[in-house]
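Some notes on the structure that comes next.
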Amino acid sequence: MAEAAKKSRPEGGYKIAVLDGDGIGPEVMQATRQVLTATGIPFEFIHVPAGAAAIALHGKAMPDETLATIRECHAAIKGPTGTPIGGGHASANVALRKALNLYANLRPVLSLPGVPSRYEGVDLVIVRENTEDLYAGIEHVVVPGVVVGMKVISETASTRIAEYAFEYATKHKRRRVSAVHKANIMKLADGLFLNCCRKVAVKYPQITYDEVIVDALCMQLVKDPTRFDVLVLENLYGDIVSDLCAGLVGGLGVVPGANIGQGQAVFEAVHGSAPDIAGKNLANPTALLLSAAMMLDWLDEPVAAKNVRRAIDEVYSKTRIRTGDVGGTATTDVFTRAVCDQVTRFVQEAQPL
Ligand code: ATP
């Protein structure tokens, strides 16, 4: 049976701000637009610059014009933006997350059938605080040769991210939330983060709460990632642990993400701009496609979200079509066409005869 037209679906379709980004961004974004179109849901894609293209046009990696468009759209989807190391322009992502107060970074890490990886059955969720910590970017030279960088941890942001993690766990029927810290060393900063998590945890007695030191977590994840469920982390630990977890399920090409605030969300893959393979039709679009599925869920389009996820599972589990990073030889275009064909098939199967 066809899905009934949803009352909440806007007349002219969803307005989606599209930020192509740098490196492989435009390629994986083109793939994502094609797959979103195949779902049959009407979208108006509004392209806005971010990253290198934005610097050329506006002198800023995350221009005010781009932020204004995102605010006017139903959701935004973003490709990776590169940030120079040790100098150069400020991060587009940090600016975006701060400007729109996208305080929760959600990264589900899931084994995909048919994707070669060290472990099977990984199903954990990273909830990363997205607005403070060392990412506050407050650093200064005290005297030549000595630099101080500030780690900012607040009660407000720590409580808010802990509440997000427990609410997420409740809604998605997860059993356990683990707070990740280094409070044995950073007694004040990480101690505050832990105290906030503990206070929130008592309000959710149905969910098991525990705490794990970040270095021990890394070791335990590498030994057996299946023992973790929902992880709640400060910004920097969340960034590092995300890449570690991506490595457990097949690499950066397959892990999606979402930056979520109050009534606003920007969906983007965990991976960066991968300049080594940019423009070569080699990039794996799976991570951004799965981010688009998260966007469909967020827009309350669960059927379309499921169709995208099922289509990806079908291609990986029933064909040999896959990109080089996960052991195949297919181009981005060929893989995308295979996913689109599956989505189209699911949509057609659901049509009434
Ligand atoms: P940035 O500076 O933007 O973070 P980076 O190349 O340092 O870019 P990533 O892009 O996150 O970091 O990834 C590291 C490597 O992983 C890339 O160089 C690339 O070889 C591989 N990689 C990342 N994403 C993908 C993808 N979607 N498809 C295929 N390979 C990928």
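Only this structure's heavy atoms are used, side chains among them; waters, hydrogens and symmetry mates stay out. Every number for a ligand or one of its atoms is a count from 1 in the order of the listing.
Contact annotation: for Ile24 versus ligand 1, heavy atoms closer than 4.0 Å belong to the side chain alone. When non-hydrogen atoms are compared, ligand 1 lies under 4.0 Å from the side chain of Asp325 (C-beta onward) but not from its backbone. Heavy atoms of Ile277 found under 4.0 angstrom from ligand 1 belong exclusively to the side chain.
Between Ala283 and ligand 1 there is a heavy-atom distance shorter than 4.0 Å. Proximity of Ala287 to ligand 1 is not established, as no heavy-atom distance is less than 4.0 Å.
Side-chain N/O atoms of Asp190 and Tyr237 include a donor and acceptor closer than 3.5 Å. Side-chain contact check for Thr81 and Lys78: at least one donor-acceptor pair (N or O, by modelled atom type) lies under 3.5 Å. Side-chain polar atoms of Asn259 and Glu268 form a donor-acceptor pair below 3.5 angstrom. Side-chain atoms of Asp325 and Thr323 include a donor-acceptor pair closer than 3.5 Å. Using a 3.5 Å distance cut-off with no hydrogens or angles, the side chains of Arg33 and Gln30 do not pair a donor with an acceptor. When only modelled atom types and interatomic distance are considered, Arg107 and Ser242 share a side-chain donor-acceptor pair under 3.5 Å.
Counting only heavy atoms of the protein, atom 4 (O) of ligand 1 lies nearest to Gly272 CA, 3.7 Å. In terms of protein heavy-atom proximity, atom 22 (N) of ligand 1 is closest to Ala274 CB, 4.1 Å. The shortest contact between atom 16 (O) of ligand 1 and any protein heavy atom is with Leu252 CD1, 4.0 Å.
Less than 4.0 angstrom separates some heavy atom of Asp276 from each of these atoms of ligand 1: 17 (C), 18 (O), 19 (C), 20 (O). Here is the list of ligand 1 atoms found below 4.0 Å of a heavy atom in Pro275: 6 (O), 8 (O). Remark: ligand 1 atoms within the under-4.0 Å shell around heavy atoms of Asn284 are 26 (C), 27 (N), 28 (N), 29 (C). Interface atoms of ligand 1 facing Ser273, defined by a heavy-atom separation under 4.0 Å, are 1 (P), 3 (O), 8 (O), 10 (O).
Taking hydrophobic clusters as Ile, Leu, Val, Met, Phe, Trp and Tyr residues chained together by side-chain heavy-atom distances below 4.5 Å, Ile77 shares a cluster with Val35.
Ring centers of Tyr14 and Phe45: at least 6.0 Å apart, outside the cut-off.
Distances between N or O atoms of Gly253 and those of ligand 1 include no value under 3.5 Å.
The presence of a protein heavy atom under 4.0 Å from atom 7 (O) of ligand 1 is ruled out.
Salt-bridge check for Glu132 with Lys151: failed, with every basic side-chain N at 4.0 Å or more from each acidic carboxylate O.
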